[in-house]
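Labels below follow one simple rule: chain letters A, B, ... track the order of the sequence lines, proteins then strands, and each chain is numbered from 1.
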2 protein chains.
Amino acid sequence: MFRINKLTDYAVVLLLDMARAGQVRAAHQIAADTGVPVPTVAKVMKALVRAGLVRSTRGSSGGYVLARPAESIAVADMIEALEGPIALTACVLDADDTCEREGFCPMSGHWNRVNTAVRKALTGITLAEMAARPAPASWRAQPATDPGGVFRRPAPADSGPALA
Amino acid sequence: MFRINKLTDYAVVLLLDMARAGQVRAAHQIAADTGVPVPTVAKVMKALVRAGLVRSTRGSSGGYVLARPAESIAVADMIEALEGPIALTACVLDADDTCEREGFCPMSGHWNRVNTAVRKALTGITLAEMAARPAPASWRAQPATDPGGVFRRPAPADSGPALA
DNA sequence: CTGAAACGGGACCAATCCGGTCCCAATTGG
DNA sequence: CCAATTGGGACCGGATTGGTCCCGTTTCAG
């Protein structure tokens, strides 16, 4: 269903928590705060650190903090940190050499257009916006294609990520 | 890498081919025309028919045609036909009941905003636009975040979809 | 100087999902 | 009546993902 990874979902939850905390905290603290299992927190954090979204301090009294202000962390950054470059098809992996079938391939870069559109949409929403407790009026106000615009969770037990 | 399914990729190729053909053709003909294996064509077609994007005729001299003009078939339609509703997280599956954790869940509908943005991006590009042989100037002209904006294919053999 | 606390970088396995193939019933035209 | 075609599944092997664990490295506290 055109889903992001579960780990990516976790990443957003963890980043949100860190954005609200605003100070260095150990992985187990973040885990306790969010309900995400400790090993999973560790795994996600590794990816976030590698991507430069989070800064880590080792040793006793170490932990994690956001590496930059929440305003400059977009949803696209989080997804790319966990899942690599945003490319809907294998055709458009960002690289330097050109497709040897260019001019023959019927897609002719049209997917690239789609990718650009999606990436743009994912760059337009930042962690700071998500961290704002009341959902911003701009989103509650907009007509929303889904009637009502409410969101639900199919399985109450086996909750999964995206909630504390 | 935030990918669509391979079958969805095939679907776009097949739909493109049907858009150019403009007449009823059997699955094996479409397969021969696109290079997609016959059983896979059949499988994809089933989904496209169920979604109402393609009209089928059974019996001898039967086959498939687009059910509506290519201008009214968006990328979002194709993806939803193969992968179900576009929802980046399990939280926002379109349904009528509300999330019982609303007000407590830290995401509080922010994912819905992301979903809406993505869906909007995917609705803005139609099959007709993709079928136009020369890539539209609007796309070649735009600066493109990736330098050059060329697309490539990593593995020449084992080509996969998105090419004839 | 020593030890505990914490991160870093993997290896590893189970479970799930996906791609691809095949079979048979239903339908239709000749 | 026969041949051609789609419809709806079942089915399986391989790839991906989610989740856990282990051990080395770094740092602070005492």
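- The heavy-atom pair separating Ala27(B) from Val41(B) by the smallest distance is O-CG1, 3.8 Å.
- Of the possible polar contacts, none joining the Asp33(A) side chain to the Gln29(A) backbone as a donor-acceptor pair under 3.5 Å is found.
- Rounding to whole angstrom units, CD1 of residue Ile4(A) and C1' of dT17(D) are separated by 14 Å.
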Check nucleotides 2-5 of chain D for protein N or O atoms closer than 3.5 Å to its own N or O atoms and list the pairs.
{"unit_1": "dA4(D)", "atom_1": "N3", "unit_2": "Ser60(B)", "atom_2": "N", "d": "3.4"}
{"unit_1": "dT5(D)", "atom_1": "O4'", "unit_2": "Gly59(B)", "atom_2": "O", "d": "3.4"}

Find every protein N or O atom lying less than 3.5 Å from an N or O atom of nucleotides 11-14 of chain C, and list the pairs.
none

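- Between Thr40(A) and dT20(D) there is a side-chain N or O to OP1 or OP2 distance below 4.0 Å.
- Atom CG of Asn5(B) and atom C1' of dA15(D) are 13 Å apart (whole Å).
- Every side-chain contact (heavy atoms from CB on, under 4.5 Å) that Ala128(A) has, sequence neighbours left out, goes to Ala70(A), Glu71(A), Thr126(A).
- Salt bridge status for Arg3(A) with Glu83(B): absent, with no side-chain N to carboxylate O gap under 4.0 Å.
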Kindly list each side-chain donor-acceptor pair under 3.5 angstrom involving residues 50-68 of chain A, sequence neighbours excluded, with atom names and distances?
{"unit_1": "Arg68(A)", "atom_1": "NH1", "unit_2": "Ser72(A)", "atom_2": "O", "d": "2.6"}

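- Atom-to-atom, CD1 of Ile30(A) to C1' of dC7(C) comes out at 12 Å; the value is rounded to the nearest Å.
- Distance alone, capped at 3.5 Å, places no donor-acceptor pair between the Thr8(A) side chain and the Ile4(A) backbone.
- Rounded to an integer number of Å, the gap from CG of Leu82(B) to C1' of dG20(C) is 14 Å.
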Apply the test side-chain contact (heavy atoms from CB on, under 4.5 Å) to residues Leu122(B) and Glu80(B): give CA-CA distance (whole Å), side-chain angles for both, the deciding distance (0.1 Å), then the verdict.
CA-CA 10 Å; Leu122(B) 292 175; Glu80(B) 287 180 342; over 6 Å; no
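- Going from atom CG of Leu7(B) over to atom P of dC18(C) covers 9 Å, rounded to whole Å.
- Residues passing the side chain to side chain donor-acceptor pair (under 3.5 Å) test with Thr40(A), sequence neighbours excluded: none.
- Contact between the side-chain N/O atoms of Tyr10(B) and the OP1/OP2 oxygens of dG20(C) is found at a separation under 4.0 Å.
- Taking every heavy atom of residues 44-56 of chain A and every atom of DNA chain D, no pair lies under 4.0 Å.
- Separating the CZ atom of Arg3(A) from the C1' atom of dT16(D) is a distance of 16 Å, rounded to the nearest angstrom.
- When atom types are taken as modelled, the side chain of Asn115(A) and the backbone of Leu88(A) share a donor-acceptor pair closer than 3.5 angstrom.
- Under the 4.5 Å side-chain criterion, counting only non-hydrogen atoms from C-beta, Asn5(A) is not in contact with Tyr10(A).
- Annotation: side chain to side chain donor-acceptor pair (under 3.5 Å) contacts of Asp77(B) (sequence neighbours excluded): none.
- Here dT16(C) presents its C1' atom at 10 Å from NZ of Lys6(A), a figure rounded to the nearest Å.
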